[in-house]
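What follows is a single structure, written as structure tokens, with notes after it.
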Amino acid sequence: MVTVRELLGRAAGLPGDSPRRDAEVLLCHALGRSRSWLYAWPEAQPEPDQLRRYEQLLVARGRGEPVAYLTGRREFWSLPLVVDHNTLIPRPETETLVAWALELELPADSRVLDLGTGSGAIALALASERPGWRVLGVDASEGALRVAARNRESLGLQGVRLLRSNWYEALEAQRYHLLVSNPPYVDADDDHLRQGDLRFEPREALVAAECGLADLRRVISGAVDHLSPGGHILLEHGYDQGNAVRTLLSDSGFERVATRLDSAGLERISGGQLPC
């Protein structure tokens with residue numbers, strides 16, 4: 001019989017920057033145990049079916065399959081979220097957008113629009129922090145909306161509305177205090193699409209035409225007709241797109257245009273405000 005310690009030793013050779021941590025997460029998933037349990041019981045011997053499951057997970061991870069898809073879970077803004085191949089995997093840099101949104105001086109009953117909500121990560125994070133906000137998450141993918149709905153129910157945030165729409169197409173004549181979006185912004189020729197987790201994530205949620213700027217341009221141009229006077233827009237974009245996005249915002253009439261850096265020191269979130 002093999003022990004927990006020995007099983008974790010099989011992390012060598014796994015892809016990514018944290019093979020040991022990935023092995024721990026996968027073993028926890030196979031055993032139905034916490035990481036603290038692994039440390040407390042290194043000599044424990046898993047059951048044969050648990051061992052088989054773990055070995056299958058290691059093989060899949062060895063092929064590059066993202067850990068989040070293998071476990072079906074990813075934490076974002078301290079919220080446990082369901083994820084699958086219909087959605088992007090929520091990433092820490094997107095939390096920069098959430099933090100910025102929460103700093104804004106908005107009414108307690110603000111209307112918030114999240115375009116391209118995916119798993120619902122941004123919409124649900126904002127709703128969890130501002131229960132009075134009326135948040136609408138929009139996505140063109142039925143599969144993504146099913147995932148977002150599961151997360152909404154599991155977190156008890158039923159006040160978040162979800163709508164299938166290709167960007168603004170199905171929206172009613174409603175003005176919002178805040179528009180947030182993490183749209184596709186990767187150029188189709190970007191080599192990163194053939195590396196790491198991006199190889200397995202939905203291409204339609206990643207890639208945009210016009211060197212990655214097409215959807216950002218569409219979101220910005222339509223925002224003027226969907227924001228209230230003085231309304232704010234916050235957008236995630238590529239690390240090298242800050243200048244282009246700031247120009248798009250300024251050209252569309254937004255003021256106080258600015259960009260914030262992610263934890264790696266890269267330009268990642270840009271925003272602005274309509275005149276009052």
Okay, side chain of [X], backbone of [Y]: is any donor-acceptor separation there less than 3.5 Å?
| X | Y | answer |
| --- | --- | --- |
| Asn166 | Ala140 | no |
| Arg130 | Leu102 | yes |
| Thr87 | Asp84 | yes |
| Tyr168 | Ala223 | yes |
| Arg111 | Arg175 | yes |
| Gln273 | His232 | no |
| Arg199 | Gly196 | yes |
| Glu201 | Ile89 | yes |
| Trp133 | Pro107 | yes |
| Arg152 | Val160 | yes |

Rounded distance [0.5 Å steps], CG in Leu136 versus CZ in Arg161
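Interatomic distance, Leu136 CG to Arg161 CZ, rounded to 0.5 Å: 5.0 Å.
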
Interatomic spacing from OG in Ser228 to CG in Leu274 - rounded to 0.5 Å:
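The OG atom of Ser228 sits 9.0 Å away from the CG atom of Leu274.
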
Going by the salt bridge (Lys or Arg N to Asp or Glu O under 4.0 Å) test, which pairs reach into residues 261-276, not counting sequence neighbours?
Arg246-Glu267, Asp262-Arg268

For the residue pair Leu113 and Leu171, establish whether any side-chain heavy-atom pair is separated by less than 4.5 Å.
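Result yes, sub-4.5 Å side-chain heavy-atom pair found.
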
With side chains defined as the heavy atoms from C-beta onward, is the minimum distance between Leu155 and Leu81 less than 4.5 Å?
yes

Should Glu47 and Arg33 count as an ion pair when the cut-off is N to O under 4.0 Å?
no

Cluster overlap Tyr185 with Trp100, hydrophobic side-chain contacts below 4.5 Å
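Tyr185 and Trp100: separate clusters.
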
Is it possible for you to say whether Leu163 and Ile122 belong to one hydrophobic cluster, with membership spreading through side-chain heavy-atom contacts below 4.5 Å?
no

Which of these passes side chain to side chain contact (heavy atoms under 4.5 Å, CB included) with Val245: Thr247, Asn243, Leu249?
Leu249

With side chain to side chain contact (heavy atoms under 4.5 Å, CB included) as the test, pick out the partner of Arg10 among Val2, Leu26, Leu27.
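Filter result, single survivor: Val2.
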
Ring centres of Tyr69 and His85 under 6.0 Å apart?
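Here the rings of His85 and Tyr69 have centres that are less than 6.0 Å from each other.
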
